Amino acid sequence: MRIEFAETVYANMPASRYTGAGNSVTRADGATIRPVYVQKVADTDGTAWDLTFAEDLGAGAHTVSINGAQHALTTSVGNLANTDVITASFTGTTTQRTAPRVTDVEVDEARDTIAISFDRKIGSVAGGAAAAPLSETPGGTGGSTLTRDQLLAAVDLSGAVERAGHGSSSLEGNLEDVAAYAPDLRTVVIKVEKGTLLKAASRGSVMGPRATGTR
């Protein structure tokens, strides 16, 4: 959901992955849920902020709240006091969240990485026994990494690689131990083992991800 303020919020609105309690939505069914990600909307001079939730809000009348005790927002007209709570009502829709979708797969010229782009931010991937969270700075820079096991638990890969003097072999069997990193939450870059190259003129595929997407 997107919140728009009448004034620019200069400080104390959280950004990036959110684990606090000061921002929340009370749904039509009475349940209270909190965002997992907060981000300032670009080119809005700090007046618009997106709150991302791990589940659908659903239809009906909801209320969003920002508590001054946790987030003493600073604007041109003053600060949100410790005892203040901003609330606003809105109506949810019945549109259901769809699974994240791969929009582009690109092999770099050096043939040692594959960049996978998604249609939305990816909050975490189903990295085996436990979900592997991905994070991003307020400026939109990532840096989270995935081990080979975490990557293969989340994405099905097929393809061929080659190593000088060794012929060709499978892509998934020739990944680095730290097999991928996220330069931002819409992109995962996969790295093949050092000394190994993606086979020229070969074909492969990426299926997945088994991931938690954000809107």
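These numbers were taken from a predicted model, which means no experiment stands behind them. For the single chain, residues carry numbers from 1 onward in sequence order.
- At least one donor-acceptor pair closer than 3.5 Å links the side chain of Asn174 to the backbone N or O of Ser170.
- The hydrophobic cluster containing Val41 does not contain Val64, counting ILVMFWY residues as joined when their side-chain heavy atoms lie under 4.5 angstrom apart, directly or transitively.
- In this structure, the side chains of Tyr37 and Leu51 stay at 4.5 Å or more apart for every pair of heavy atoms.
- Using a 4.0 Å cut-off between charged side-chain N and carboxylate O, Arg27 and Asp29 make a salt bridge.
- Ion pair Arg111/Glu162 flagged as a salt bridge, since at least one NZ, NE, NH1 or NH2 atom sits closer than 4.0 Å to an Asp/Glu carboxylate oxygen.
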Next on the checklist: Evaluate Glu172 against Leu152 for side-chain contact (heavy atoms from CB on, under 4.5 Å), listing each step before the verdict.
Outcome noted: CA-CA 8 Å; Glu172 70 173 37; Leu152 294 180; 4.0 Å; yes

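- For Leu80 against Gly68, the heavy-atom pair with the smallest separation is CD2-CA, 3.5 Å.
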Checklist entry - So Phe5 and Thr75, side-chain contact (heavy atoms from CB on, under 4.5 Å) or not? Walk me through it. => result CA-CA 10 Å; Phe5 297 95; Thr75 72; over 6 Å; no

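- There is a path of hydrophobic side-chain contacts, each under 4.5 Å, that joins Leu198 to Val105.
- Two residues are said to be in side-chain contact when any heavy atoms from C-beta on lie closer than 4.5 Å; Trp49 and Val9 meet this criterion.
- Residues Thr47 and Glu4 have side chains that never bring a donor and an acceptor to within less than 3.5 angstrom of each other.
- With a 4.5 Å cut-off on side-chain heavy atoms, Phe53 and Val25 count as touching.
- Remark: the backbone N or O of Ala81 is not paired with any side-chain donor or acceptor of Asn79 at under 3.5 angstrom.
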Checklist entry - Can you list the steps and then say if Ile33 with Leu57 is a side-chain contact (heavy atoms from CB on, under 4.5 Å)? => result CA-CA 9 Å; Ile33 60 173; Leu57 297 177; 3.1 Å; yes

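- The number of heavy atoms from other shown groups lying within 6.0 Å of CG (Asp177) does not exceed 12.
- In plain terms, the two heavy atoms of Arg34 and Ala21 that are nearest each other are NE-CA, 3.3 Å.
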Item to check | Met13 vs Ile66, side-chain contact (heavy atoms from CB on, under 4.5 Å): CA-CA, chis, key distance, verdict | outcome: CA-CA 9 Å; Met13 185 69 170; Ile66 301 176; 4.2 Å; yes

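- A chain of hydrophobic side-chain contacts below 4.5 Å, direct or via other Ile, Leu, Val, Met, Phe, Trp or Tyr residues, connects Met1 to Tyr18.
- Atom CD of Gln39 is separated from atom CG of Leu185 by 8.0 Å, given to the nearest 0.5 angstrom.
- Heavy atoms only, all atoms of each residue included: Asn12 and Leu73 are closest at O-CD2, 3.4 Å.
- Atom CG of residue Asp112 and atom CD of residue Glu176 lie 9.5 Å apart, to the nearest 0.5 angstrom.
- Side-chain contact between Leu197 and Val161 is absent, with no heavy-atom pair separated by less than 4.5 Å.
- Panel note: side chain Asp149, backbone Ala153; no donor-acceptor pair is recorded below 3.5 Å.
- A donor-acceptor pair under 3.5 Å is formed between the side chain of His62 and the backbone N or O of Ala28.
- Under the 4.5 Å side-chain criterion, counting only non-hydrogen atoms from C-beta, Pro14 is in contact with His71.
- When Val85, Asn23, Ile86 are each tested for a side chain to side chain contact (heavy atoms under 4.5 Å, CB included) with Ser65, only one passes: Val85.
- When side chains are defined from C-beta on, Leu171 counts as touching Val192, because their heavy atoms get closer than 4.5 Å.
- Inspection of the Arg163 and Thr196 side chains reveals an N or O donor paired with an N or O acceptor under 3.5 Å.
- The distance from the CZ atom of Arg2 to the OG1 atom of Thr52 is 10.0 Å, given to the nearest 0.5 Å.
- Both Ile3 and Phe90 are part of a single hydrophobic cluster, where members link through side-chain heavy atoms under 4.5 Å apart.
- A donor-acceptor contact closer than 3.5 angstrom is absent between the side chains of Asp119 and Thr103.
- Side-chain contact between Leu157 and Ile114: absent, with no pair of heavy atoms (C-beta onward) separated by less than 4.5 Å.
- Contact record, Lys191 with Ala180: CE-N, 4.5 Å, taken as the closest heavy-atom pair.
- Without hydrogens or angle criteria, Thr8 side chain to Tyr10 main chain gives no donor-acceptor distance under 3.5 Å.
- Of the inter-residue distances, the one linking Ser117 atom OG with Asp184 atom CG reads 8.0 Å to the nearest 0.5 angstrom.
- In this structure the side chain of Val188 reaches within 4.5 angstrom of the side chain of Phe118, judged on heavy atoms.
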